[in-house]
Structure formats: C-alpha cells, structure tokens
Amino acid sequence: MASGSYEGILLGIGNPLLDISAVVDEAFLAKYDVKPGNAILAEDKHLPMYDELASKGNVEYIAGGATQNSIRVAQWMLQIPGATSYIGCIGKDKFGEEMKKNAQAAGINAHYHEDENALTGTCAVCVVGGERSLIANLSAANCYKSEHLKKPENWALVKKAKYIYIAGFFLTVSPDSIQLVAEHAAATNKVFLMNLSAPFICEFFRDAQEKALPYVDYIFGNETEARTFAKVRGWEGHTRGLL
C-alpha cells in the first residue's frame, strides 16, 4: 500500500495529558504527600508540583493520556508521518504549546480544541529509583465539547479515518462525541474500537458505555476490568469469553 493511502488511517479521540517526567528524591515526594508507586488524581496541594518538575534540568515531556499514548505508539510503528490523527482538549498555555510540539514531533496530526478557561491537563511522573509515581490533573481534558468535533476541519479527520479508537475514559467527558463517531463508523463500515479503561468506568458510567457498545467492533480490557464489566451486568461465573 502506498504511503499516501495511509494518511489519517487511524484516529484517536480522548483526554490529552502532558506527561512531565523527572527523576526526583524521596524528599520531593514527601513534600507533596505522594507515596512511591502511587497513581492518583491531583488535589490542590499537588498543583505547584508541575511547575517545580518543569524547572528541573532532567525534565522530559511526552504527549500522553491513554488514547494519545496508543496513537503515539501506532504512529511510531507505522513510521509514516500523518498516518494517525488525534482530537482532544488542551489549554492555551505553555504546557499546551509543549503538547502540540511533542505531538507534531511524533508525526501525529493533532487537532486540539484550546480552552481559554482551563489549564492543559498534565500528569506528573516522579521517578525515584525503580518506582514511578503518577499524579494526574485532568483540567482542560475534561472540557471537550462535540461542537469542536462537528467543525468541518475536524470532522474531516473522522471521515478520512478507517479505524477509530477511543478509550473508555472519554465516556466521562463527552459521550455525545463518542456517539457521533460511533454512528458514523457503523454507517460507513469503519472499524470502531474502544477500551474498558478502568473498573470505575464499567461501574459508574454504565449507561454511556451501553449506548456505545452496539457500535464497537473490538473492545479491549484487562482481567480486572472484564470481571467488573461482567459483575455489573450480573454475568459473574460467565466471564470466560471476556478473558
């Protein structure tokens, strides 16, 4: 297949988080009341952490978030610039600029909605020895609206894609966007893929998940997520086909 025919073949829509990664010491973790190996959502006490990490000489930036990470890896595997596209919401700030620069360098055609009233979502990656602690501040990632998706320049990415992937985390942000894309995929015989993403998605966002599932060609999930998915539907003892 010619490289031109790969353009925009895979589209991801999700919650973009700029990973800010640096090696720190235990005193840094103690300062922000973070335990080694933790994976938590940021509270107010954690917010100064991001600028402090960014000021470190060994800091690394990665355009992250569950869906964007998957798209980035797919882009690396394909090695064809522009083969993948991505849509999500960031802020109009320095971390948003870093996100755009990082995604472009990775070869992703990213169409971010830039929210003027929220900061770019970030994930502090604090590395101490062999452990890393993750502190996520979703912020602007939570602000995506389907109005951005409906704009001609963004919907063009949906129309061009042959494969569309959305992590379950996006069900908490814009289920109407997921429904628009899912219905388009079904109507045009495209491959629509989703991820269970986390047990709490299966438990507390079941209604939104149920609406999307009839359109899903492939669903991904680990054993814990699959068991929770089955449990909330009363399928306990019948999970073998899911695992």
Side-chain angles (χ1 to χ4, degrees), residues 3-18 62-76 78 80-93 95-122 138-195 197 208 211-212 215-218:
S3 61
S5 60
Y6 276 98
E7 183 183 351
I9 193 170
L10 171 63
L11 169 66
I13 305 176
N15 301 337
L17 300 177
L18 182 68
I62 300 170
T67 298
Q68 191 165 218
N69 277 333
S70 298
I71 296 300
R72 200 162 39 78
V73 171
Q75 178 61 51
W76 172 78
L78 289 167
I80 300 170
T84 61
S85 303
Y86 179 78
I87 292 174
C89 185
I90 61 175
K92 296 193 78 167
D93 53 23
F95 288 148
E97 290 302 313
E98 194 67 47
M99 181 92 77
K100 289 189 286 185
K101 185 170 67 175
N102 198 283
Q104 184 178 18
I108 300 169
N109 179 19
H111 283 211
Y112 298 115
H113 170 56
E114 296 182 50
D115 193 300
E116 297 186 0
N117 301 310
L119 298 174
T120 295
T122 47
L138 298 180
S139 197
N142 268 328
C143 300
Y144 191 81
K145 301 289 187 295
S146 60
E147 286 73 23
H148 177 263
L149 183 64
K150 293 173 184 175
K151 291 181 178 179
E153 65 270 25
N154 302 321
W155 191 250
L157 300 183
V158 179
K159 292 169 68 176
K160 184 176 287 187
K162 295 181 181 178
Y163 302 86
I164 302 170
Y165 173 66
I166 303 176
F169 293 119
F170 199 60
L171 288 166
T172 72
V173 174
S174 186
D176 55 331
S177 294
I178 295 176
Q179 209 62 24
L180 282 171
V181 171
E183 290 173 6
H184 166 81
T188 54
N189 201 29
K190 295 179 177 181
V191 178
F192 183 54
L193 313 97
M194 286 196 72
N195 200 311
S197 293
K211 287 182 181 178
Y215 300 93
V216 175
D217 296 292
Y218 296 94

What one should report as the nearest heavy-atom pair of L11 and A161 is CB-CB, 3.7 Å

Side chains of L119 and F95 in contact at under 4.5 Å (non-hydrogen atoms)
no

Between the NE2 atom in H148 and the OG atom in S177, the distance rounded to the nearest 0.5 Å is 10.0 Å

_Test side chain to side chain contact (heavy atoms under 4.5 Å, CB included) on Y165 and N195; report intermediate values, then the result._
CA-CA 8 Å; Y165 173 66; N195 200 311; 3.1 Å; yes

Between C89 and D115 the two heavy atoms that sit nearest each other are SG-CB, 3.9 Å

Atom pairs and distances, donor-acceptor, side-chain atoms in residues 103-111, under 3.5 Å, two or more places apart:
unit_1: N109; atom_1: OD1; unit_2: H111; atom_2: NE2; d: 3.4
unit_1: H111; atom_1: ND1; unit_2: N154; atom_2: OD1; d: 2.9

Minimal heavy-atom distance between M99 and L18, with the atoms involved, is CE-N, 3.3 Å

In short, V191 meets D217 closest at the heavy-atom pair CA-OD2, 3.4 Å

Heavy atoms of T120 and G91 approach each other most closely as OG1-N, 2.9 Å

Before giving the answer on side chain to side chain contact (heavy atoms under 4.5 Å, CB included), spell out for T67 and I13 the whole-Å C-alpha distance, their side-chain angles and the decisive distance to 0.1 Å. CA-CA 7 Å; T67 298; I13 305 176; 5.8 Å; no

Smallest heavy-atom separation, G168 atom then S197 atom, equals N-OG, 2.7 Å

To the nearest 0.5 Å, atom CG of N15 lies from atom CZ of F169 at 8.5 Å

Rounded to the nearest 0.5 Å, the CD1 atom of I9 sits from the CD1 atom of I80 at a distance of 8.5 Å

Hits for salt bridge (Lys or Arg N to Asp or Glu O under 4.0 Å) against E147, two or more places apart or cross-chain, chain-then-number order -> none

Between the OG1 atom in T84 and the CG atom in L157, the distance rounded to the nearest 0.5 Å is 10.5 Å

| Are any non-hydrogen side-chain atoms of K160 and E7 less than 4.5 angstrom apart? | yes

Sequence neighbours excluded, the answer for salt bridge (Lys or Arg N to Asp or Glu O under 4.0 Å) partners of K150 is none

- Item | Heavy atoms from other residues, nucleotides or ligands near CD of E153 exceed 12 (cutoff 6.0 Å) | yes

Separation between CG (L17) and CG (N69), nearest 0.5 Å, reads 8.5 Å

Extract all donor-acceptor atom pairs below 3.5 Å that involve side chains of residues 178-188 and protein atoms in other chains or at least two apart in sequence.
unit_1: Q179; atom_1: NE2; unit_2: K211; atom_2: O; d: 3.3
unit_1: H184; atom_1: NE2; unit_2: K190; atom_2: NZ; d: 2.9
unit_1: T188; atom_1: OG1; unit_2: H184; atom_2: O; d: 2.6

The ring pair (Phe, Tyr, Trp, His ring centres under 6.0 Å) partners of F170 (sequence neighbours excluded) come to Y144

Original post:
Do the side chain of Q75 and the main chain of I71 share a donor and acceptor less than 3.5 angstrom apart?
Top reply: no

Those residues at least two apart in sequence (or on a different chain) that pass side chain to side chain donor-acceptor pair (under 3.5 Å) with D176 are S146, S174

Any donor and acceptor pair, going by atom type alone, linking the side chain of N102 with main-chain N or O of A63 inside 3.5 Å? yes

The reported gap from CG in L10 to OH in Y163 (rounded to nearest 0.5 angstrom) is 9.5 Å

